[in-house]
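None of the values given here were measured: they were computed from a predicted structure. Just so it is clear, the values below take in all heavy atoms, side chains as well, and ignore hydrogens, waters and symmetry mates.
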Amino acid sequence: MTFAMLFQDADSLTLPTDSLATVAAAEPEGFMGFVETVMQGGWVMIPIAVLSLWTIAVFIERLFTLRSAHGNTEGITERVRAYVTSGDIGGAVAYCEAQDKPLTRILKRGLERLGRPIAEIKEALNAEGKSEAFRLEKRTGTLATIAGVAPMLGFFGTVTGMIEAFQDIQRLQGNVDPSVLAGGIWEALLTTAFGLITGILAFFAYNFLLGRIQRMLSEMERATADFIDLLQAPSPASRR
């Protein structure tokens, strides 16, 4: 074998490292590769992505709001009780204003109506309680809506993708490479997968926040009932 033949054989060889480099260059990596894969699902992926980001934003905002609104219910009730028992109504109002929590705003509304009929005080407390409950539940209904809409958008994207895939089969009269057909199908199914993921995330966030809100409302109702009992209790002077 001559050197010329060796060089000719060498030219015809494809080195494994070159093949690996070609494959690596063809396959996207990292975040951009993920974005390209997601966008293969079609235009329906855009509203699904918007809904997923909206879900995360609402969940984080509501979580911080609930954390700042939560307070030591028993401590607040006992402090207000001490002020009222000692006859320092102004101090109780000032304390509630300084705390600025949902419970203290409710109790402040009742303290401002001391001296009026107890039925009027109860009505003021209930009205303020409903207002605070509305503030705590604000935007949580959006999460419930997203939990229902996102999967439906995913199914819609899959149906439109499958329609396009079968239109291609009809146009080519069935002469379709199975790998091409499989690629079209999995691209169509991407919307269903991401729609379900977004819906599950929104459903979890909604129930998690709703559970915390219900616990806070239950604590505030109990504290409000204790406040009414305090107002209806006989004063120390009347017990003598």
Side-chain angles (χ1 to χ4, degrees), residues 51-52 54-151 198-236 239:
L51 291 178
S52 64
W54 196 357
T55 298
I56 296 173
V58 171
F59 178 72
I60 293 175
E61 186 272 335
R62 287 289 89 192
L63 193 62
F64 278 101
T65 299
L66 294 178
R67 182 170 296 180
S68 61
H70 189 266
N72 185 359
T73 304
E74 294 182 358
I76 292 173
T77 304
E78 290 301 323
R79 191 71 179 272
V80 172
R81 181 189 298 274
Y83 278 115
V84 174
T85 304
S86 63
D88 187 6
I89 305 302
V93 173
Y95 170 76
C96 291
E97 291 178 347
Q99 292 295 315
D100 195 25
K101 302 285 185 181
L103 176 58
T104 55
R105 288 193 289 268
I106 294 173
L107 297 181
K108 177 189 172 185
R109 180 63 64 89
L111 291 170
E112 292 173 344
R113 282 161 175 73
L114 287 181
R116 300 183 182 182
I118 194 66
E120 186 175 342
I121 297 176
K122 288 182 179 180
E123 184 178 353
L125 292 173
N126 290 333
E128 186 65 24
K130 291 179 181 178
S131 178
E132 293 299 330
F134 176 78
R135 293 192 186 100
L136 293 175
E137 296 174 352
K138 189 177 180 180
R139 283 188 285 274
T140 55
T142 303
L143 296 175
T145 302
I146 293 175
V149 170
T198 302
I200 292 171
L201 179 63
F203 186 73
F204 167 79
Y206 172 75
N207 283 279
F208 179 83
L209 294 175
L210 190 64
R212 295 197 60 173
I213 292 172
Q214 292 298 329
R215 286 194 296 270
M216 291 182 62
L217 293 177
S218 178
E219 292 177 0
M220 288 191 292
E221 288 177 0
R222 185 172 61 253
T224 303
D226 292 341
F227 179 74
I228 295 296
D229 293 339
L230 173 63
L231 298 182
Q232 292 178 324
S235 62
R239 296 176 184 174

Note to self: Before you tell me yes or no, could you show the steps for Phe59 and Phe208 under side-chain contact (heavy atoms from CB on, under 4.5 Å), namely the whole-Å CA-CA distance, both residues' side-chain angles and the distance that decides it to 0.1 Å?
What the structure shows: CA-CA 9 Å; Phe59 178 72; Phe208 179 83; 3.7 Å; yes
Next item on the list: Verify, without hydrogens or angle tests, whether Arg62 (side chain) and Leu136 (backbone) share a donor-acceptor contact under 3.5 angstrom.
Entry: yes
Note to self: Can you confirm whether Thr142 sits close enough to Thr55 that some side-chain heavy atom of one is under 4.5 Å from a side-chain heavy atom of the other?
What the structure shows: no
Notebook entry, point to check: Checking side-chain contact (heavy atoms from CB on, under 4.5 Å) for the pair Met220/Thr73: CA distance, chi angles, key distance, verdict?
Noted result: CA-CA 7 Å; Met220 288 191 292; Thr73 304; 5.9 Å; no
Check: When rounded to the nearest 0.5 angstrom, what distance separates CG in Asp229 from CZ in Arg81?
Finding: 8.0 Å
Margin query: Evaluate Tyr83 against Ile89 for side-chain contact (heavy atoms from CB on, under 4.5 Å), listing each step before the verdict.
Written below: CA-CA 6 Å; Tyr83 278 115; Ile89 305 302; over 6 Å; no
Notebook entry, point to check: Does the Thr145 side chain pair with the main chain of Gly141, one donor and one acceptor, at a distance under 3.5 Å?
Noted result: yes
Check: Got Thr65 and Glu61 here, is their nearest side-chain heavy-atom distance under 4.5 Å?
Finding: yes
Margin query: Using side-chain heavy atoms (C-beta onward) and a distance below 4.5 Å, is Arg109 in contact with Arg113?
Written below: yes
Checklist line | Minimum side-chain heavy-atom gap Leu210-Thr140 below 4.5 Å | finding: no
Notebook entry, point to check: Are any non-hydrogen side-chain atoms of Leu217 and Glu137 less than 4.5 angstrom apart?
Noted result: yes
Next item on the list: With the side chain counted from C-beta on, respond yes when Glu219 and Gln214 share a heavy-atom pair under 4.5 Å apart, and no when they do not.
Entry: no
Notebook entry, point to check: So, do Tyr95 and Ile76 sit near enough that their side-chain heavy atoms are less than 4.5 Å apart?
Noted result: yes
Next item on the list: Determine whether Asp226 and Leu230 make a side-chain contact, defined as any pair of heavy atoms from C-beta on separated by less than 4.5 Å.
Entry: no
Notebook entry, point to check: Is the side chain of Thr85 donor-acceptor paired with the backbone N or O of Ala82 at a distance under 3.5 Å, no angle test?
Noted result: no
